[in-house]
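Throughout, residue positions are numbered sequentially from 1 according to the sequence presented.
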Amino acid sequence: MQKRLPSVSLSSYGVGWSANKRIVIVALVVAVLLATATTVAWLSGNGNGRQGPDHAASAPASSPSSSEAAPKPAAGSGSVPKPPQIAEPVAYAKAAAQMLWSYDTRVTSRDQQLAGMRAWMTGETTYADWASVLGQVPDPVLWSRMADQDQHATASVTEGHFPSAFKQALADDPSAITKAYIYVVTVNGKQQIAWKKGGGGAEERAVTLAVQCRPNHDCTLAAIAPSVTQ
C-alpha cells in the first residue's frame, strides 16, 4: 500500500501574521473592531484551521521565508482561479477560502500557485499581510514530492459568517470600520484530496480571513488569521 504524503490544505502551514503587519492590523482593525476577550485569544493563537490526523502525525516541512517574494504575473497561475469581482465580504471570503483549500500539483508549479494567490491580495501594502498567505504553501521540496504523486485537492464551502465578536464590535461602533474597511470572516468547508493509484481522503476545514472591501470597489484578501474564531 502506497504511503500517503502529508495532505495539504494550503491553510495549515501558516507562520502567523508577520510582526510589522500584525502591529498595523491590530492597531487599525483589531484594537477597534475586535477588542474582546474572544478576539484577544484568537490573536494569541498559534494554529490556523482544523487539522486532520495526518497533520498531527507528520511534521510539516520547513515554512517558507516570510520575505519570499511572489513570482511575477508572467509566471502564470496554473490551476489557481482568478479573484472574483465581488463587493460583499462574506461572499469574497468564501471564494478565497475555496481557493486556499484547492491546488493541483499536476498542472501547477509552486511559483504559479504563489502568483495566483498573490492576485487575490489587496494592493494596499499597509494592510496586506503576504506572509500569512505565503505561509500556507509547502516549501519547494515538499511541493515537488506532492507533484511526484500527482497530489491535488478540491474544496467545497458550507458557510461563511462574521464572528460574533466582530459583529458586536461593529454594533458598538459602526464608524470604526471606515478607515481600513477590513472585515473579519470565518469560513467552514471540506477539502477532498487525491493522489496516484486512487489514493484520497476528505477533511473538514475552517479559516478566519481579513477581507478588505472598500466602497465601490471589489473585495480583496488582506490576511489569514493565525487561528479560527467563530
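Evaluated for a side-chain contact (heavy atoms from CB on, under 4.5 Å) with Leu114, the options Arg110, Arg118, Gln112 yield exactly one hit, Arg110.
Residues forming a ring pair (Phe, Tyr, Trp, His ring centres under 6.0 Å) with Phe162 (at least two apart in sequence, or on another chain): Phe166. Partners of Pro81 under the side-chain contact (heavy atoms from CB on, under 4.5 Å) rule, at least two apart in sequence or in another chain, are Met99, Trp120. Among residues two or more places apart in sequence or in another chain, the side-chain hydrogen bond (donor to acceptor under 3.5 Å, both in side chains) test is passed with Thr178 by none. In this view, Ala91 and Ile86, Glu88 satisfy the side-chain contact (heavy atoms from CB on, under 4.5 Å) rule, not counting sequence neighbours.
For residues 214-223, every residue pair satisfying the salt bridge (Lys or Arg N to Asp or Glu O under 4.0 Å) rule, not counting sequence neighbours, is listed here: Glu124-Arg214. Within the structure, disulfide bond (SG atoms under 2.5 Å apart) pairs that include any residue of residues 112-187 do not occur (at least two apart or interchain).
Remark: side-chain polar atoms of Lys82 are not paired, donor with acceptor, to backbone N or O of Ala119 under 3.5 angstrom. Formation of a donor-acceptor pair under 3.5 Å by the Thr122 side chain with backbone atoms of Thr220 is not found in this model. Between the side chain of Gln98 and the backbone N or O of Ala155 there is at least one donor-acceptor pair closer than 3.5 Å. Using a distance-only test at 3.5 Å, with no hydrogens or angles considered, a donor-acceptor pair links the side chain of Thr158 to the main chain of Asn188. The backbone N or O of Ala223 sits nowhere less than 3.5 Å from a side-chain atom of Ser132 that would complete a donor-acceptor pair. Side-chain N or O atoms of Gln191 include one that pairs as donor or acceptor with a backbone N or O of Trp101 at under 3.5 Å. Judged by distance alone, with hydrogens and angles left aside, the side-chain atoms of Thr186 form no donor-acceptor pair with the main-chain N or O of Gln230 at under 3.5 Å. Of the possible donor and acceptor atoms, one in the side chain of Gln212 sits under 3.5 Å from a partner among the backbone N and O of Ala180.
At a threshold of 4.5 Å between non-hydrogen side-chain atoms, the residues Ser79 and Tyr103 do not count as touching. For the pair Tyr181 and His217, the minimum side-chain heavy-atom distance is 4.5 Å or more.
With a 6.0 Å radius and a threshold of 12 heavy atoms from other residues, nucleotides or ligands, Glu159 has its CD atom above the threshold.
At a cut-off of 3.5 Å, with distance as the only test, no side-chain donor of Thr229 or Thr208 sits close to an acceptor on the other residue.
The structure places OG1 of Thr105 at 6.0 Å from CG of Asp150, a figure rounded to the nearest 0.5 Å.
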